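In each ligand, atom 1 is the first atom listed, and ligand 1 is the first ligand listed. Side-chain atoms are counted along with the backbone in the values below, which use heavy atoms only and exclude waters and symmetry mates. Keep in mind that this is a model prediction, so the values were computed, not measured.
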Amino acid sequence: MDEHLLKILIIGDGNVGKSSFLHRYVKGQFNKTYKMTMGVDYAVKLLHWSDKEKVRLQLWDIAGQERFISMNRVYYKGALGCVLMFDVTSSASFLSCRHWKRDLDNKAMLPNGDSIPCILLANKCDLPQRVVPPDSIDKFSKANGFITWMEVSVKENKNIGEAMRRLVQKILSV
Ligand code: GDP
């Protein structure tokens with residue numbers, strides 16, 4: 001049995017749903033008042049990927065440091081994949097994705113020098129007051145080298161597992 005250890009980053013502006021995402025994905029819960037403490041660096045999830053492979057995901061939440069936008073290199077070190085999240089009801093959080101992706105590409109690289117696989121997640125798609133149109137997301141995703149983008153709702157548990165499967169699949173194939 002092969003076991004892969006994958007460090008995955010979760011980045012994006014504050015309040016877009018990163019901590020909720022981690023909690024939902026790792027624990028299967030959505031808790032409105034849940035907020036990860038600064039002291040917790042990461043959570044771990046074990047996936048039985050195939051008959052021959054296990055995948056241990058080490059998920060790093062930036063837990064309150066997002067106001068700096070530019071992250072410490074230590075945070076990016078050794079990362080093999082990334083989730084960049086924004087909130088479809090906040091155009092500011094979508095506009096920030098440009099900076100987040102640039103920071104990621106500058107600081108996180110695979111051993112061969114390529115940028116690490118990153119999936120763009122449009123969260124809170126359960127809310128009616130969305131302001132970021134799918135066309136804009138699609139254009140941005142294609143122009144900036146994302147694996148793909150997906151609409152998700154951490155609240156309604158929509159597309160969370162599927163998004164992570166796509167990311168892991170890509171990481172294992174590069
Ligand atoms: P973070 O600062 O990026 O870690 O964001 P949080 O996980 O703390 O979430 C910010 C707020 O958005 C919280 O009040 C969450 O309950 C809420 N939230 C997160 N995901 C969703 C979602 O999919 N739908 C809705 N309606 N609210 C969400």
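- Using a 4.0 Å cutoff on heavy atoms, D87 does not count as a contact of ligand 1.
- Taking the six-membered ring where the residue is Trp, F140 and F146 present tilted rings, their angle falling between 30° and 60°.
- Close contacts between ligand 1 and L127 involve ligand atoms 26 (N) [criterion: under 4.0 Å to a heavy atom].
- Side chains of S93 and D13: no donor on one and acceptor on the other come within 3.5 Å.
- Contact annotation for D126 and ligand 1: only side-chain heavy atoms (C-beta onward) come within less than 4.0 Å of the ligand.
- Heavy atoms of other residues, nucleotides or ligands lying less than 6.0 angstrom from NZ of K45 number more than 12.
- Under a 4.0 Å criterion applied to the non-hydrogen atoms of D13, ligand 1 contributes the atoms 3 (O).
- Among C125, S20, G14, the residue whose heavy atom lies nearest to atom 6 (P) of ligand 1 is S20.
- When only interatomic distances are considered, the shortest N/O to N/O separation between F21 and ligand 1 does not fall below 3.5 Å.
- Shown here is N112, whose CG atom has more than 12 heavy atoms of other residues, nucleotides or ligands within 6.0 Å.
- In this structure, K54 is not positioned above the aromatic face of W49 in the sense of NZ or CZ being under 6.0 Å from the six-membered ring centre and within 45° of the axis.
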